[in-house]
Colleague: 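Structure below; questions to follow.
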Amino acid sequence: AAFWTVVPKLLEKRDRRSSNKHTRHQGEQQMHHQSDTIPQLIQKQGRRPSNKHDQDEGEQQMQKLDAILIRTLERIDKFEYEDLAQTTLAFAKILNNVGNRGRKLPKGSFHHSLHNFFIGDNSRNKEFIFWHIAAASIHILEEFDTRSLSNFIYAFGLAEYVLDFEDGGGSFFDILATEVVPRLETFGSQHLINILWAFANIKASNPKLFEAAAETIISRDLLKTFNSQDISNLIWAYTTAKEQHHMLFKEMADHIIKLDNLSHFNGHDYANIVWSYATAKEQHPKLFKNIAEHIVSLDNLGEFKIQELSNIVWAYATAGESQSKLFRNVAGHIMLNDVRSLRSLRPQDLSNIVWAYATAKEVRPKLFREVADHIVASDNLRSFDPHHLSNIVWA
């Protein structure tokens, strides 16, 4: 458990160092140091490498990792609940670090080796690992304390592993929910949000859990303990899981508009919040007005990613909230700063932008010309599905 916990920390440390702006010589020194650190850690835990001289470093690392993982899975049913939760969370963090970047990493690099090792073809390795973890946890779930249970569930959500039982017997997340619901009063706010986020992230439907959690949040007045990211994640979780709870949404909106200022929220938070209310069809004009006025008051929109701005204008148009200054500033920002970044948008995002402006009757000819020129220049209409093309032409 201790070994696996160190690996994601070293990966994160390496990523941070890699992203720092140093001279090329300094960067090379740091990368060399970090590339040595993790293999050294593996060397201490794994079996001796093969004597074959033609094996490259990547193959040797894979052999050692294989030995350590086999040892872990062979003994995992003897783990105490804390070690099991710790190990599972470490595996999930490793997957999250390398999962979306495997194809972009140099072949033979340690990150690439981890990607192949933990995910494999069609995620077979991931399924094998997390199936064993789930099987080992069943008989000790009731022993988990609230922190370990929250981390354990969060890890499965982060790894996006869904285990459904045969013959309509439900899912592993149904079992986890039965452990959580009776103990909701004992969970801290962060632990509770992590659990709900995990269920939503893998689209595990469990109305009883979400209903009971909402009642707990309201009755314990937990919103006062939430930070901006907590609020954003909580609203996103209920909307993504398609769990309606009008009173919770009203309480959250009322809480937000009573704040002295909204400067603690970031672009991702704003986008999450208005997208969630619009998608869930939860009307709260004062909330939309306050957020729009705050965004308009900013000196610039540099903190926002263009996809966040796409989601924001879509949400306002969908909710029927007219905020002309917001639409004007977003269009102006795209024109001045983000024309090149249009290429980073998915077809759905491009469709959302022009659909939102047309629906809100916000006439911005220059914005439309830029989007049209981008689509034509990309010469890749095959990436647009009929729905996206229909919305763009309609707009």
Side-chain angles (χ1 to χ4, degrees), residues 1 4-5 8 65-66 69-100 102 114-184 187 191-213 237-238 240-243:
W4 290 115
T5 302
L65 274 173
D66 183 58
L69 182 61
I70 288 173
R71 185 183 306 174
T72 302
L73 295 180
E74 284 176 345
R75 301 180 182 180
I76 205 160
D77 61 344
K78 297 180 176 61
F79 277 30
E80 298 291 335
Y81 71 83
E82 290 176 322
D83 292 333
L84 185 59
Q86 188 179 34
T87 302
T88 308
L89 184 57
F91 284 165
K93 287 181 177 179
I94 294 171
L95 284 168
N96 189 55
N97 185 288
V98 303
N100 297 322
L114 281 176
H115 179 274
N116 292 340
F117 185 78
F118 275 94
I119 299 176
D121 295 334
N122 299 317
S123 298
R124 290 176 183 174
N125 295 359
K126 181 179 79 172
E127 293 178 6
F128 178 81
I129 292 168
F130 277 82
W131 184 92
H132 276 77
I133 293 173
S137 71
I138 293 293
H139 67 286
I140 61 169
L141 277 177
E142 61 183 19
E143 299 176 15
F144 280 64
D145 61 22
T146 54
R147 179 179 180 181
S148 295
L149 184 57
S150 172
N151 286 343
F152 186 69
I153 295 171
Y154 174 76
F156 272 81
L158 185 63
E160 299 182 0
Y161 177 70
V162 181
L163 174 58
D164 292 319
F165 300 124
E166 296 179 357
D167 303 323
S171 71
F172 181 56
F173 264 69
D174 291 332
I175 295 176
L176 295 174
T178 62
E179 290 295 330
V180 172
V181 172
R183 293 197 258 170
L184 280 173
F187 283 95
H191 297 150
L192 188 54
I193 290 171
N194 284 349
I195 290 170
L196 296 173
W197 180 91
F199 272 78
N201 200 48
I202 65 164
K203 296 178 172 55
S205 176
N206 198 289
K208 184 177 180 180
L209 169 64
F210 278 84
E211 174 69 23
Y238 271 83
T240 303
K242 298 181 180 179
E243 297 291 348

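Every heavy atom of this structure was used, including side-chain atoms; hydrogens, water molecules and symmetry mates were not.
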Colleague: Please state whether the rings of Phe130 and Tyr161 are parallel, tilted or perpendicular, taking 30° and 60° as the class boundaries.
Modeller: tilted
Colleague: Give, for atom CD of Glu243 and atom CG of Leu209, the distance between the pair rounded to the nearest 0.5 Å.
Modeller: 8.5 Å
Colleague: Just verifying a value: how many Å separate Leu196 CG and Asn201 CG, rounded to the nearest 0.5 Å?
Modeller: 12.5 Å
Colleague: For the atom pair CD1 (Ile175) and CD (Glu179), what is the distance rounded to the nearest 0.5 Å?
Modeller: 9.0 Å
Colleague: Check whether Tyr238 reaches the backbone of Phe210 with its side chain - one donor and one acceptor, N or O, closer than 3.5 Å.
Modeller: yes
Colleague: Hey, could you give me the CG/CG distance between Leu89 and Asn96, rounded to the nearest 0.5 Å?
Modeller: 10.5 Å
Colleague: Between Ser137 (side chain) and Ala134 (backbone), is there a donor-acceptor pair under 3.5 Å?
Modeller: yes
Colleague: Would you confirm whether Ser150, through its side chain, and His191, through its main-chain N or O, come within 3.5 Å as a donor-acceptor pair?
Modeller: yes
Colleague: Testing Leu95, Ile94, Val98 for side-chain contact (heavy atoms from CB on, under 4.5 Å) with Pro8, which one passes?
Modeller: Ile94
Colleague: Which pair of non-hydrogen atoms, one from Ser148 and one from Glu82, has the smallest distance, and what is that distance?
Modeller: OG-CG, 3.9 Å
Colleague: For the residue pair Arg183 and Thr146, what are the closest heavy atoms and their distance?
Modeller: NH1-N, 4.4 Å
Colleague: With the side chain counted from C-beta on, respond yes when Ile129 and Thr72 share a heavy-atom pair under 4.5 Å apart, and no when they do not.
Modeller: no
Colleague: For the backbone of Ala241 and the side chain of Lys203, can you confirm whether one donor and one acceptor N or O come within less than 3.5 Å of each other?
Modeller: no
Colleague: Could you tell me if the side chain of Tyr81 sits less than 4.5 Å from the side chain of Leu141, heavy atoms only?
Modeller: no
Colleague: Roughly how far apart are Leu69 CG and Glu74 CD, rounded to 0.5 Å?
Modeller: 10.0 Å
Colleague: Taking all heavy atoms of Ile202 and all of Phe156, pick out the closest pair and write down the distance.
Modeller: CG2-O, 4.2 Å
Colleague: Should the ring pair Phe152 and Phe172 be called parallel, tilted or perpendicular, given that the plane angle runs from 0 to 90° and is split at 30 and 60?
Modeller: perpendicular
Colleague: Is any side-chain heavy atom of Ile153 less than 4.5 Å from a side-chain heavy atom of Asn194?
Modeller: no
Colleague: What is the minimum heavy-atom distance between Asp77 and Ala136, and which atoms define it?
Modeller: CA-CB, 3.9 Å
Colleague: Can a donor-acceptor pair be found, under 3.5 Å and without considering hydrogens, that links the side chain of Thr5 to the backbone of Ala1?
Modeller: yes
Colleague: Sequence neighbours left out, what passes side-chain hydrogen bond (donor to acceptor under 3.5 Å, both in side chains) with Asn151? Give chain and number order.
Modeller: none
